[in-house]
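Atoms considered below: every heavy atom in the structure, side chains included; atoms not considered: hydrogens, waters and symmetry mates. One-based numbering, in listed order, for ligands and for the atoms of each.
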Amino acid sequence: MNEKYRELANFIFPNINEKIKDLEKKYPERNMQEGEKVTRIAPSPTGFLHTGALFTALVNKRISKQTNGVFFLRIEDTDTKREVEGAAGTFINELNSFGISPDEGIIGEKTETGNYGPYYQSERKNIYKICAKELISKGLAYPCFCKSTDSEELRSFQEKEKIRPGYYGKFAKCRNMETTEAIKKIKNGEEYILRLRSKGNHLNKIAYEDKIRGKIEQAESDQDIVIIKSDGLPTYHFAHVCDDHFMRTSLVIRGEEWIASVPLHLQLFEMLEFNPVEYAHVPTLMVQDGNGKRKLSKRKDPEAACSYFLETGYPILAMIEYLLTIINSDFELWRKDNLDKDLELFDVKLDKMNVAGALFDIMKLNDISKEIIGRMNTETLYENAKEWSEKYDSKLQEKIISDSSYIKKILGIERENVIKVRKDFVKYSDIGPSITYFYDEEFQEDIKDGYVFSEEMKKDDIIEILKEYIKELDLNVEKDEWFNNLKTFTDKLGYSSNMKEYKKNKELYKGSIADVSSVIRIAVTNRKNTPDIYSIMKILGKEKVIERFNKVIDKK
Ligand code: GLU
């Protein structure tokens, strides 16, 4: 009985002499202690790292790190149609940028490290062939000659008849083909694929323990799935089982879209006589869309590509903190109590993970990011902005290079030793547009279309305030004194420096100190909101401030 299968296996793979037991020796079990987890991330080289993949990578990295295990990167490049040149390099660079570098596997586009490689699936064909050959020789896999038109016909028939779809049981046409006939067809040059001869029964249930979701029960798989495609490359399912076995992965942490395939994967492990891996399926990142939620999608959401966060200049820490809040809801509380601690000290717990579609909320990320930039000291912010702009913002880079001490003063406004830190920068790309008024050329450009004075403010009053303030302005005093002087000035001009009093008796005044300072602010910056105007004027210097006042006076 076995002889005919062995013959078929030898006929299909005449040059494959190694056996699974040889691979077991070549890739021995790792020398890991109890509880140390070997995890991995296995992206397909489609050209960009999805934010969801970054999220999964972070969980994998954390679990391996926490358990003193290993985290490796494998590239799943068996779908040649979807492959993009140089994609692996992009992945590595992006993972490294987010501090999620693998310990093993692909660590650079052309560099790999570790004893369980090669780590590009396209270079592991031999391994898949050895495994497939062994399955064929045991009668557990067979060549299938069905054409794509046959599969389409089958699909529409099953759909029409409302029968469970797939290639299984009586619908698996080639399953019972005599091996002699199969050999004849191959000799005739007919194209074929290899399929698993499933022994499963759909009416049986299997159960396993998902490390995130707990016990999951599903129907056994009875599908004769494709294991090797006509191009000789394996399908995801087959490659996953062969690779994670011979790379000695212990815990597969991957997206929840693979839950439905677990029965099949467990069956493959069993048929190949491998010990199964443990599984943990992370939730898909969702976004709010109207009243509903949908998947974070590359087509619709720029933030679906994690390069977006690098390009727009979110601090890496903000992104990691934010992802940790999605991973474990108790992270936020921990963070509040441990503001200055390293994030690595927070233990990620798989069984505490939220499983009901994780909402990716950019507003929340922005809040975290604002806080983080707010807490940076000037020097750190300066260095980060410098590094970021070198790559992504040549205009800002020029400003930094041409006068670093000037820009440090600007970045230092309301930072360090202040009660309320400024929170107007969410990301480094916010810096350039919000500091234009410190640079004459950009300020000129900005006032070309006029000033943003409120309509209610009379032209003559604006001119009067500025003309009079030119006479009074003294920047050689501390902020408190400057502010007291401004109050005196306000009262002298017939405005009220006391907001409470003003609100009670508006008719007695021309306006309030808010109006006066708004005129000053707009004349200097042409913005209604800025950080502390005293600091801004100090940095610009009295001469420039007066020049700007005069510009308004001349224009009006
Ligand atoms: N290449 C698969 C993907 O990108 C990997 C899934 C897994 O982690 O096993 O979805």
From His237, His281, His245, residue fulfilling ring-ring contact (aromatic ring centres under 6.0 Å, His included) relative to His265:
His237
Please check whether Ala42 reaches ligand 1 - meaning an N/O of the residue sits under 3.5 Å from an N/O of the ligand, judged on distance alone.
yes
At what distance is the nearest protein heavy atom to atom 7 (C) of ligand 1, and which residue and atom is it?
Tyr236 OH, 3.3 Å
Using the salt bridge (charged side-chain N to carboxylate O under 4.0 Å, His left out) rule, pick out the option among Arg30, Arg40, Arg74 that qualifies with Glu104.
Arg30
If you measure from the Lys or Arg side-chain nitrogens to the Asp or Glu carboxylate oxygens, is any gap between Asp244 and Arg254 under 4.0 Å?
no
Starting from atom 8 (O) of ligand 1, what is the nearest protein heavy atom, named by residue and atom, and what distance separates them?
Arg40 NH1, 2.8 Å
Find all atoms of ligand 1 within a distance of less than 4.0 Å from any non-hydrogen atom belonging to Glu76, and give their numbers and elements.
1 (N), 2 (C), 5 (C)
Are any of the side-chain nitrogens in Lys199 or Glu270 under 4.0 Å away from the carboxylate oxygens of its partner?
no
